[in-house]
Structure formats: C-alpha cells, structure tokens
Amino acid sequence: MSSADLPLVAVYADESCLGNGKEGSNPGGAGALIEYRRKNGAIERRDWWISEPSTTNNRMALQSVIGTFLELGAKRPCRVVFTSDSRYLIDGLTEWVFGWANRGWTRKGGAIENLELWAEAIEAVRDGGHRVAWRWVRGHNGHPENERADQLANRGVASLAEM
C-alpha cells in the first residue's frame with residue numbers, strides 16, 4: 001500500500017507542567033486533538049488528555065506522543081501529521097534520536113534525559129506502522145488547534161486537583 005492510500009490523521013499536541021523545573025511535586029498534563037476524515041467525508045475530532053502528579057514539560061511532551069499513538073492503535077496504519085509547540089519533542093524525533101541510536105543510545109554530553117520515554121515513544125509510533133511527519137508550531141501564538149491542545153493539557157493538570 002502506498003503512503004497516499006493511507007488515511008490522513010492530523011494531531012495537535014501540547015503539554016503543561018506547573019512549577020516545571022522547581023523542587024517538589026510539579027503536576028503536569030498532556031493532551032491532543034486528533035482529526036481525521038470518515039469515509040462519508042465528515043471530519044471526526046477526538047480529544048484526550050492525561051496527567052502525572054510529579055513531572056516536567058519534556059516528560060509530558062513525550063507522553064503526548066505515547067498517548068496519541070496508543071490512542072490511534074495498530075489496527076490500520078495511517079499517515080499522521082503530528083504538530084507540537086515543543087522543540088524538544090520535534091527536534092528529538094526528527095534529528096536527535098538518529099544520532100543517539102548510532103551511538104548506542106548515548107549522547108556526546110552524557111546521559112540521555114528521559115531515555116525510557118524516548119524509547120516508549122518510538123515504539124508506540126513503530127508498533128502502529130504509521131507514517132509520521134513531525135511539525136513544529138510556535139506556541140501561544142493564536143494557532144487554533146495548538147490552543148485547543150493547550151486547553152486539553154491543562155485539563156489534564158486540573159484533573160489532578162479533582163482527585
């Protein structure tokens with residue numbers, strides 16, 4: 001099956017972490033808006049979010065990939081355009097991981113932070129057989145889908161307060 005024959009899925013993801021980088025418990029969330037066209041031509045939209053009680057923005061960015069590709073599953077491979085405002089995530093998946101893999105999952109400057117999540121993210125993408133294009137968008141700049149993803153990530157954080 002050629003790439004053009006695969007269904008197209010647009011994903012807009014974002015992350016949030018209150019107190020990112022500070023000492024103590026820093027609650028975080030990740031969320032994504034997933035859009036695709038049904039066979040009848042209608043656009044289907046799905047929202048999802050997750051939370052962690054103590055995390056960082058970078059960890060939640062990786063969780064946005066893991067959660068999205070688990071949500072998409074492996075039933076039917078798709079062409080996925082994954083958009084995020086996280087340079088860490090997009091640069092990591094389009095550039096850094098290739099160098100790390102060539103060096104036996106090490107980096108020149110020392111240990112790879114969040115290595116277990118990088119591996120889990122790559123596995124989640126690979127397991128679905130999806131063809132992915134990674135796109136960066138400037139955050140908090142009026143991009144409607146990115147703003148929606150930001151709301152979903154913040155909903156994840158807020159869900160911790162409801163517990």
Side-chain angles (χ1 to χ4, degrees), residues 6-97 113-114 116-125 127-128 130-163:
L6 298 175
L8 178 62
V9 177
V11 176
Y12 304 91
D14 202 6
E15 71 290 327
S16 177
C17 181
L18 303 180
N20 189 51
K22 294 181 181 173
E23 290 293 321
S25 178
N26 301 308
L33 163 63
I34 301 171
E35 297 180 329
Y36 58 95
R37 186 177 308 276
R38 293 198 157 278
K39 288 182 181 178
N40 67 6
I43 300 294
E44 181 81 19
R45 290 180 63 168
R46 291 192 334 219
D47 295 343
W48 72 263
W49 61 90
I50 57 172
S51 59
E52 290 186 5
S54 184
T55 191
T56 66
N57 276 345
N58 289 344
R59 290 183 64 81
M60 294 314 296
L62 288 162
Q63 292 287 16
S64 75
V65 171
I66 296 163
T68 294
F69 284 93
L70 291 176
E71 187 77 19
L72 290 176
K75 293 178 188 170
R76 183 173 182 201
C78 303
R79 287 180 297 146
V80 178
V81 178
F82 191 104
T83 304
S84 171
D85 64 7
S86 170
R87 294 274 10 165
Y88 175 78
L89 181 66
I90 301 302
D91 290 350
L93 289 166
T94 60
E95 299 173 23
W96 306 341
V97 295
E113 290 182 32
N114 304 312
E116 74 287 351
L117 290 176
W118 284 109
E120 195 174 338
I122 291 165
E123 184 178 330
V125 172
D127 284 354
H130 305 292
R131 306 239 171 96
V132 185
W134 303 99
R135 301 284 185 259
W136 177 78
V137 64
R138 183 173 306 282
H140 310 289
N141 202 33
H143 186 286
E145 291 83 1
N146 179 255
E147 297 295 338
R148 177 64 180 150
D150 181 62
Q151 291 171 354
L152 295 169
N154 284 305
R155 185 180 291 177
V157 175
S159 70
L160 291 170
E162 296 168 2
M163 298 178 127

V11 and V80, any side-chain heavy atoms less than 4.5 Å apart = yes

Polar side-chain atom of W136 near backbone of I90 as donor-acceptor pair, under 3.5 Å | no

Rounded to the nearest 0.5 Å, how far apart are CG of D127 and CD of E120?
-> 10.5 Å

Between M60 and S16, which heavy-atom pair has the shortest distance, and what is it?
-> CG-O, 4.0 Å

Between the CG atom in L93 and the CG atom in L62, the distance rounded to the nearest 0.5 Å is 7.0 Å

With rounding to the nearest 0.5 Å, note down the distance linking CD in E15 to CG in N20.
-> 9.0 Å

Within a strict 4.5 Å, meaning less than it, do heavy atoms of the N58 and N114 side chains meet?
-> yes

Nearest heavy-atom pair of D14 and N146: which atoms, and what distance?
-> OD2-O, 4.2 Å

If the plane angle is over 60° it's perpendicular, under 30° parallel, otherwise tilted; pick one for H130 and F69.
-> tilted

What do the steps show when you test L72 against V9 for side chain to side chain contact (heavy atoms under 4.5 Å, CB included), and what is the final call?
-> CA-CA 9 Å; L72 290 176; V9 177; 4.1 Å; yes

Nearest-0.5 Å distance, CG of residue D150 to CZ of residue R155 = 12.0 Å

Taking NZ, NE, NH1 and NH2 as the nitrogens, is one of them in R148 or D47 under 4.0 Å from a carboxylate oxygen of the other?
-> yes

Write down the atom of C78, the atom of R76, and the distance for their closest heavy-atom approach.
-> SG-O, 3.3 Å

Determine all donor-acceptor pairs shorter than 3.5 Å in which one atom belongs to a side chain in residues 29-37; sequence neighbours excluded.
unit_1: R37; atom_1: NH1; unit_2: G41; atom_2: O; d: 3.0

Chi angles and distances behind the side chain to side chain contact (heavy atoms under 4.5 Å, CB included) call for V157, L18 = CA-CA 8 Å; V157 175; L18 303 180; 3.4 Å; yes

Is any side-chain heavy atom of V125 closer than 4.5 Å to a side-chain heavy atom of V65?
-> yes

Donor-acceptor pair, side chain of R79 and main chain of L6, under 3.5 angstrom = yes

W48 and T68, any side-chain heavy atoms less than 4.5 Å apart | yes

Nearest non-hydrogen partners of S25 and P53, listed with the distance = OG-O, 2.9 Å

Checking side chain to side chain contact (heavy atoms under 4.5 Å, CB included) for the pair H143/Y12: CA distance, chi angles, key distance, verdict?
-> CA-CA 10 Å; H143 186 286; Y12 304 91; 3.8 Å; yes

Would you name the heavy atoms of E113 and Y88 that are closest together and state the gap between them?
-> O-OH, 3.6 Å

So, do T83 and E145 sit near enough that their side-chain heavy atoms are less than 4.5 Å apart?
-> no

Looking only at non-hydrogen atoms, find the nearest pair between S64 and A61 and report the distance.
-> OG-O, 2.5 Å

Determine, stepwise, if the pair E95 / R87 fulfils salt bridge (charged side-chain N to carboxylate O under 4.0 Å, His left out).
-> CA-CA 11 Å; E95 299 173 23; R87 294 274 10 165; 5.5 Å; no

With sequence neighbours left out, write down each residue that passes salt bridge (charged side-chain N to carboxylate O under 4.0 Å, His left out) with E71, or none if nothing qualifies.
-> R46

